Every structure is written in C-alpha cells, then in structure tokens.
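What follows is a set of notes on a single structure, which appears directly below.
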Amino acid sequence: MRIKHYPGKAVQNDDPAWLEMDVPTSTRDRLYEANWNEAGNSAPQAPGSVKAASKLGQYQTLLEEMTGQPSSDRLEISKNGSVRGGAKYHSDRCLARINSKTRHDFQEGVHALFQPRFKIGRNVVITQEHAKKSVRFNDKSVEIGDPPPWLDEPEDPERISQWIDEQNEYILSSTRLTRNDSGYYEHSKKIRQRLPPKNICRSSPDLSASGSLDSLEEFQNRKSDSFTSNSSYNDDDQRHGFDLYKNGRTSPIKNKAAVKGDDFLIPRPKLVVPVHSYGVRKRRTGNLTNAQSDNCDSICDNSISEGRVEVSRENKYLSTLAPGKVLGELAILYNCKRTATIKAATDCKLWAIERPCFQTIMMRTGLIRQAEYTDFLKSVPLFKNLPGDTLIKISDVLEEVSYSNGEYIIRQGARGDTFFIISKGLVKVTMKQPNSTEEKFIRTLKKGDFFGEKALQGDDLRTANIICDDPEGSTCLVIDRETFNQLISNLDEIRTKYKDESADRRRINQEFEAVKLSDLRILKTLGVGGFGRVELVQIHGDGNRSFALKQMKKAQIVETRQQQHIMSEKEIMGDANCEFIVKLFKTFKDKKYLYMLMESCLGGELWTVLRDKGHFDDGTTRFYTACVVEAFDYLHSRNIIYRDLKPENLLLDVQGYVKLVDFGFAKKLQSGRKTWTFCGTPEYVAPEVILNKGHDIGADYWSLGVLMFELLTGTPPFTGADPMKTYNIILKGIDAIEFPRNITRNAMALIKKLCRDNPAERLGYQKGGISEIQKHKWFDGFNWEGLCNRTLDPPICPQVQHVTDTSNFDEYPPDNDGPPPDDVSGWDADF
Ligand SMILES: Nc1ncnc2c1ncn2[C@@H]1O[C@H](COP(=O)(O)OP(=O)(O)OP(=O)(O)O)[C@@H](O)[C@H]1O
Ligand SMILES: Nc1nc2c(ncn2[C@@H]2O[C@@H]3COP(=O)(O)O[C@H]3[C@H]2O)c(=O)[nH]1
Ligand SMILES: Nc1nc2c(ncn2[C@@H]2O[C@@H]3COP(=O)(O)O[C@H]3[C@H]2O)c(=O)[nH]1
C-alpha cells in the first residue's frame, strides 16, 4: 500500500487514494502521514462498506491492517454497527474505537493544541450548533430536533428550565439557565436526540460519579477512578449504552450514510478552536456589561483557563472546577449524552476544542504514542526477541503511570494484577524480613527493567515492595494480567530474572543447618588471609564434597576494628546467589574464632595462574574480565560495592570459571549514597578513594580497568615502591601510564574508559550501566550467554583430580603464632 501525498490540498471526496497505501519507511511516519495527510477530507460513503466509516475509523482500520492486530481493552464500533466494550470482543473489522487510552491521549492532545485565546465571558454553553457538528461527525443516526423558537432569546429562565424538564429525555446537553451570584443569567440550548428505548437508555454508562478532573495530569492518572467506572459495565450494557438509534431502528450505524448531510468530516486539526464568538447581542438584565453571546461555535471539550464553573447533575451540586481542570470530554469519549451540567460560576475563560478536531488529535496522539511505546519496548532487553506485531499489541494495551519519590508502587503481601516496565526513573525493591518489621533493601531497578511478574505467576500476592526511588519521580508502563499471560509470561527472563535469592539461599543453606563445627575435618590449608587461614574441609560422613573453611581470629578483628566489615561480609556472601561469587553456606563461632563454611574452588587463585604464566592473552583476559563483569553486575544491581578486586581474590572452580571471594570490604550502599572508608589494595584503589572524596560502585569500575591491565601484562598499571608512591602514581592518572605493545587498541581503549579520574565518566557508571562495558568493542563477539549458562569453554582448565586435590594452591607452613586470646564481648552475636 502507498500513502498518497496531497501537500497543501485536500483529497477529493471520490478519490480512492486513501486506501492505496504503500509501505512507508517507518510505522510512525506512516501513521503520522495517514493522519495528517488525510485530515480534512471526506470519504465516499457506501452503507456498510469500510468507507462508510468515519475517517477516524478508517485510520484505525488502516492501523490494524498495518499491524495485523486489533487491539484489546477498548470499545469497538464494529462494521455491523454494534458498539462493544471489553477486551474479549474483536470484531472482524473494527471501524472506530475508543480505547482505554483515549483519555490519556486526549490529555496529550490538549497539551499539544490548546492555547488560551478566547474569552468566553460568563456563559458556558453547549449549543445545538455544536451538537450538530459533533453528532454529524461521529454518528449518523442522531436526529437533531429544532430548539424552541424563543431559545435564541432566552429572556425567561423559568420557561427554559421548564422546557428542559419536559424534554428531559432528549437532552444531550443540559446547561440550565440560572441567575448566578452576580446577577448574570446563564444560557442554555438544547439538543434533541431520539433516544433508544428506555431500557437501553437506562443501561448507558453511569458517568455521574462525583469528582472533577484536576488538571491534565490528573486526567491521565484517574483512569481507574469514578470517571472511567464505565469500564466495569458488562458488555451488553455497553453495547446498548453506546448505540445511538435512528427512528427506533436497532441497527443505526448501517444506516448512517443515508442520513442527510452525513459527510464524515475530519478537518485538519487547528491549533486553536474558537469557543465563543461574540456578536453584539441584547443586554441582559442585571449589571451585565459584556455582550451576551449565543453564537457558539461547537464546543466539544473544554479546559478552564480562568474563572470557576460548577458541575451539577439532576440539580445536585457536585463540584466546582477551577483553572486547569478539564470538562466535557465524557460525552465525546463515550458518545453519550452530556453527563453533567456545567455552569459558569464566575466570568470564565475556557479553552475549547471541537469534537472533530479532538478526535483527530486523539487519533494522532494515539498513533504517535503507540509508535513511541513500540520503539521503547524494542529497546527493553526483555522484549528483544519479540516480533514487532507482538510489541504493537503490548503497546496498544499498556498504560503509563507516574509515581513520585517514596511512593509505593507495589506493596508486599497485597494482591496484584499488573505487570510493570520502568520507562523513566528508578525504583527500589525491598522485602520484609522474617521476624522483623524492617524492610531489607534488595536492589534498584532502572529504565527498561520490569517487575510485578511474580504475583501474576503465583498466587496473586506481591512478593516484595516496589518504591519509587527517584527525586524526579518514575514512570512505568503497566500491563494487565491478560496481556501478560498471552504475550509475556513465557519469556525465559520472566521466569528466571528475580530468583528470590534469600529464599533460594535459605533453601541451600538449610542443607547445612545441622552441620556442626565438630563435624568438619580439616584436610589442608588453601590460603592465608589477614585474620587467619582458609582450610580445605570435609563434612564428617560426606566424602563426595569438600568445602573451604575460613577461620578468623576475633581478637585480631577487634584490634583492627573490622567488626562491621566482617558482619557485612557474612551478610553479603550469605545472601548472594550468583555463579560468579563464592557461596557461603554456614557460619560458626567460638571464643577465639569466627568461621565461614564456603564452597571450595579447587582451581586455585587466578593470581597463581597469572604468576605462573606471566601474563594472559587478550582472549583469556576477556574471559576472566567477563566473569568479574557478571559478578559486578549482580552486586551493583543490588547496590553492593565490592572494593577489593585483584587476582588474589578471584578463584578458579574445577571447570575454570572464576568466582569472586573475600567480601571483607564489600558494602551495601543506600541508593545514591557514597561511602568514605579508605580500603582496598593500594594498586587497585581509585583516585576518589585516595582523595577521600566519597566513592561508590564507580570505584569498582576503576579496579576492573586495573585488573585488565594486570592480567594482560602481569603487573598492575600503578605500582610504586610503597603504597604512598603507588597512590601518587594513581593520582597522575591512566594517561600517564605507558601501555605495553601487547595490549591491543581495543583493550587499551576499554582500560582507559574504565580508569577515568572522574568516576562519572567511567564506562559502566553511566546511563547504560554495566551493559556499556559488555557492549564495548573489546567484547565484540564475546558469548555472554554462553558464559552465563556455563557452556562457554574457559581458556584454562585447571587440573583437579578429586574433591580434596589442593595441588593448585601454594603450600602454607603451619601457623606458629599460637592460639589467639578469647573474645567473649558479644559483638559477634549475629554472626
Ligand atoms: N572458597 C575458597 N576456595 C578455595 N580457596 C579459598 C577459598 N576462600 C579463600 N581461599 C583461599 O584463601 C585465601 C585467603 O582468603 P580470603 O582472601 O577470603 O581471606 P582474607 O582473610 O579475607 O584475606 P585478605 O587478607 O586477602 O583479605 C584466598 O586468597 C584463597 O587462596
Ligand atoms: N459525570 C460527571 N461529569 C463531571 C463531573 N465533574 C466534572 N464533570 C465534567 O462535566 C462534563 C459534562 O459533559 P460531559 O459529560 O461531556 O463531561 C463531563 C465532565 O467532563 C462529575 O462529577 N461527574
Ligand atoms: N520476590 C522478589 N521480587 C523481586 C526481586 N527483585 C525484584 N522483584 C520484583 O518485585 C516484584 C514485587 O511484586 P511481584 O511479587 O509481583 O514481582 C516482584 C518482582 O518482579 C527479588 O529479589 N525478589
């Protein structure tokens, strides 16, 4: 199909070009052009044919043809003329739709198009003229009755009121004539409409809920409130409720084209629609100074710019609307009678927009919005493999919701029916702790991340809290359960992304619950750390497995004031459930020592392998660096900073994958906060740590660059004869370092991007997060998926003969220091 362009001129009525659509360059262009180029033309009418639909319907149809998908969760005016609601109905061909986003789109349209220009004076009226235009455009079956001859000169409010009462069932818009405080009369005109039988009328949507639209923003946000309560009508009700009947016939839309003057115009949207043009009219009684106007142009939808209006229904006062509020949209959206009476309480200035223009704006913004959502969804990792038409389906039903800082988006334990994708800002995940009222911080989620899938998969209950954690607020795209089940629930990532570590780890750790210190048999020393030795052990009676037992002298911990670090090490390692981090299964303590029972990594330290080989080639370095990137990704997404990267703390498992060990300096940070403890290994510390400027995960990216350099050359880039000299060299920056020739250009580029003096400039720390590192040229072609599912062959396969083979570790002489003193002060109660 091809879109025909008619620059600056309207398409002829009988020109069939509008159906000759070709495939344009992008969906958005296509939609945009279809909308704008066609606006302002009338289509040839043929009863029952596609062309008999309004232009809006045609565009909708066009959209479907392009996407191949009717969308759900909306009202549909189908080809046979019935109007349906709810997601279940998908007619073979939908001619016009009001979907659940229309209110929102309307808001957008209003934003885009309204400009205050016209002073309305004191009257807010909806005139017959207006109604004719509206009705003509939207539904051909409405018969407009003549107003009483005296209506143009509304001298007698009582009479008009009475007339209104008599005509009640014909009233489309019911603005009453009353005298207001300042003695002004308000003006009313009638629209007569032949209504469907009473029972049908009764079932039309009850839009009488009290309330008002507080500004355009609220207009969007209040989708689920009383205003849209009609979405809960059963389909039958909706179908009847929205049908407009001509002369009692039951299938009005089929006959639309036969209605006189029925020409489906959608004018090219105008930026400003005159609301009220003032002809000089008879002065009214009272102290009227302004000319009274009844020469209203069509008012469709209004937004108050100045003054106040009163909303009432059946003579019952509902509310007063002040500037910024929106009114008059319901009748347009739902093609029903005016649902309330609006009277000017003071002189008012309103911004108004005609129905045809409104419809066009809605269509335009709807289509543009859909294209935008689709584009965004394409960039969401979760959806990267979904076909375009599925993304369009999703974007068609999602709703955008904004939250302010600190607001709970999801509460743990509540029932949940929705799935979320973050489109702006940050949120944090917290969980209640067993036997505690405290909420534990789990992780921060950012733009493109999703949440809320667990309640939809399990028993409806939310398993964690989600709280907006962004001073600028955050925005989520919200998807209903039905769409989630149909299109999203089967994606692999949905099933695996947020494995409940704590729960998983609890399960793993449960296995060791009964193990006592006395059940452990020490076989050999694997390493010596700052506070003691790490021994290879086996559990009594279990010869198939071995473990590493880290033994730490309590007195020495206290002496060096490392209590907090040790507690943090236990907590972080005990919770972590990542293939690239050594698992801690159980802790013990006695009077002299703290003990950590960990998985054993029998491949030895990466430092030993590096020492033996001198340096690694590009590919080998890439593999080990990638393992660290995965470990950092895991930690950083939970706001944990590691702070002690070096080859000594990278252990090879039997397969040759490396794991991070020694979490003595790891720390969980409050989101957005920094920490100031000077810690790490001199060659690896970042400049901001030396300068005590406060540091965060950015310091880990620095150390990643240092590690790459050391693995590629055998020596870290910043090395001095003592720590002070090393710090001085670090402060001179990476550009002062000469790169040996064996470091490839891409490797050098990445190291330099990681070792930027300013943490904010470091790769990984910026907008795209750690994925920016994964996408760097040096990693081009690297099999990240193979790494994560451990199908990728490691570059070095350690020789490990059996579960107690310690041949990959150095020999350590026995500790001659003698036993440390007892420490029963109790600081380690939680260890
Ligand atoms: N799970 C393990 N499997 C095998 N060896 C291990 C394990 N954990 C530690 N080791 C060995 O013990 C050494 C010291 O362990 P670790 O670094 O955790 O102790 P530390 O007291 O925190 O040391 P440091 O003084 O370097 O901070 C490691 O470098 C490693 O050789
Ligand atoms: N039904 C209803 N409409 C209200 C209320 N407050 C403001 N309005 C506005 O009053 C308008 C009357 O015309 P519409 O039915 O088109 O749209 C209605 C709403 O925009 C209210 O509490 N109930
Ligand atoms: N249970 C759990 N949920 C998490 C975690 N991280 C993020 N979440 C999200 O938090 C959401 C809370 O609501 P749901 O239980 O529906 O789905 C949950 C997940 O999408 C986590 O570690 N554990």
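Please read all numbers here as calculations on a predicted model, not as lab measurements. In each ligand, atom 1 is the first atom listed, and ligand 1 is the first ligand listed.
- Cation-pi geometry between Arg411 and Tyr408 is met: under 6.0 angstrom from the ring centre, within 45 degrees of the axis.
- Listed by atom number, the atoms of ligand 3 under 4.0 Å from Phe451 heavy atoms are 9 (C), 20 (O).
- Those atoms of ligand 2 with a heavy atom of Gly328 less than 4.0 angstrom away are 11 (C), 13 (O), 14 (P), 16 (O), 17 (O), 18 (C), 19 (C), 20 (O).
- Between Phe420 and Phe451, the ring planes lie parallel to each other; the angle is under 30°, not in the 30° to 60° tilted range.
- Within the 4.0 Å heavy-atom criterion, the part of Ile442 lying near ligand 3 is the side chain and not the backbone.
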At less than 3.5 Å, what protein N or O atoms come close to the N or O atoms of ligand 1? Include the distances to 0.1 Å.
unit_1	atom_1	unit_2	atom_2	d
ligand 1	1 (N)	Glu599	O	2.8
ligand 1	3 (N)	Cys601	N	3.1
ligand 1	17 (O)	Asp662	OD2	3.1
ligand 1	18 (O)	Lys550	NZ	2.8
ligand 1	19 (O)	Lys550	NZ	3.3
ligand 1	21 (O)	Gly530	N	3.0
ligand 1	22 (O)	Lys550	NZ	2.7
ligand 1	22 (O)	Asp662	OD1	3.0
ligand 1	22 (O)	Asp662	OD2	3.0
ligand 1	25 (O)	Gly530	N	2.7
ligand 1	27 (O)	Asp662	OD2	2.6
ligand 1	29 (O)	Glu605	OE2	2.7
ligand 1	29 (O)	Glu648	O	3.4
ligand 1	31 (O)	Glu605	OE2	2.4

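- At a 4.0 Å heavy-atom cut-off, ligand 3 touches Ile466 through the side chain alone.
- Within 6.0 Å of NZ on Lys446 lie no more than 12 heavy atoms contributed by other residues, nucleotides or ligands.
- The existence of a salt bridge linking Glu535 and Arg533 is confirmed by a sub-4.0 Å separation between a basic side-chain nitrogen and an acidic carboxylate oxygen.
- Only the side chain of Val311 comes within contact range of ligand 2, with a heavy atom under 4.0 Å; no backbone atom does.
- Of the charged side-chain nitrogens involved, at least one lies within less than 4.0 Å of a carboxylate oxygen, so that Lys550 and Glu569 count as a salt-bridged pair.
- By heavy-atom distance, the residue among Glu453, Arg443, Lys440, Arg462 lying nearest atom 16 (O) of ligand 3 is Arg462.
- More than 12 non-hydrogen atoms from other residues, nucleotides or ligands lie less than 6.0 angstrom from NZ of Lys589.
- Remark: Asp612 engages Thr608 in a side-chain contact (heavy atoms from CB on, under 4.5 Å) (not counting sequence neighbours).
- Gly452 counts as a contact of ligand 3, since one of its heavy atoms falls under 4.0 Å from the ligand.
- Applying the 4.0 Å criterion to heavy atoms of Ala455 picks out, from ligand 3, the atoms 14 (P), 15 (O), 16 (O).
- Salt bridge Asp417/Arg462: absent, no basic N to carboxylate O contact under 4.0 Å.
- Remark: ligand 2 and Lys337 share no N or O pair separated by less than 3.5 Å (distance only, no angle test).
- Taking 4.5 Å as the limit, every side-chain heavy atom of Ile467 sits out of range of all side-chain heavy atoms of Ile409.
- A 4.5 Å side-chain heavy-atom check between Ile581 and Leu635 finds at least one atom pair inside the cut-off.
- With a 4.5 Å cut-off on side-chain heavy atoms, Asp653 and Glu599 do not count as touching.
- Side-chain contact check for Val309 versus Leu327: some heavy-atom pair is nearer than 4.5 Å.
- Other residues, nucleotides and ligands place more than 12 heavy atoms under 6.0 Å from the NZ atom of Lys524.
- For Ile342, every heavy-atom contact with ligand 2 shorter than 4.0 Å involves the side chain, none the backbone.
- Inclusion of Tyr498 in the set of residues having an N or O under 3.5 Å from an N or O of ligand 3 is not warranted.
- Here is the list of ligand 3 atoms found below 4.0 Å of a heavy atom in Met431: 1 (N), 23 (N).
- Taking any N or O of Leu327, backbone or side chain, none lies under 3.5 Å from an N or O belonging to ligand 2.
- Under 4.0 angstrom from ligand 2, there are no non-hydrogen atoms of Arg313.
- Under 4.0 Å from ligand 3, not a single heavy atom of Gln412 appears.
- Ring-plane geometry between Phe512 and Phe585 is classed as parallel, the angle between the planes falling under 30 degrees on a 0 to 90 degree scale with a further cut at 60.
- Within ligand 2, counting atoms from 1 as listed, the ones closer than 4.0 Å to a heavy atom of Arg338 are 13 (O), 14 (P), 15 (O), 16 (O).
- Interface of Ile410 with ligand 3, defined as ligand atoms under 4.0 Å from a residue heavy atom, comprises 12 (C), 13 (O).
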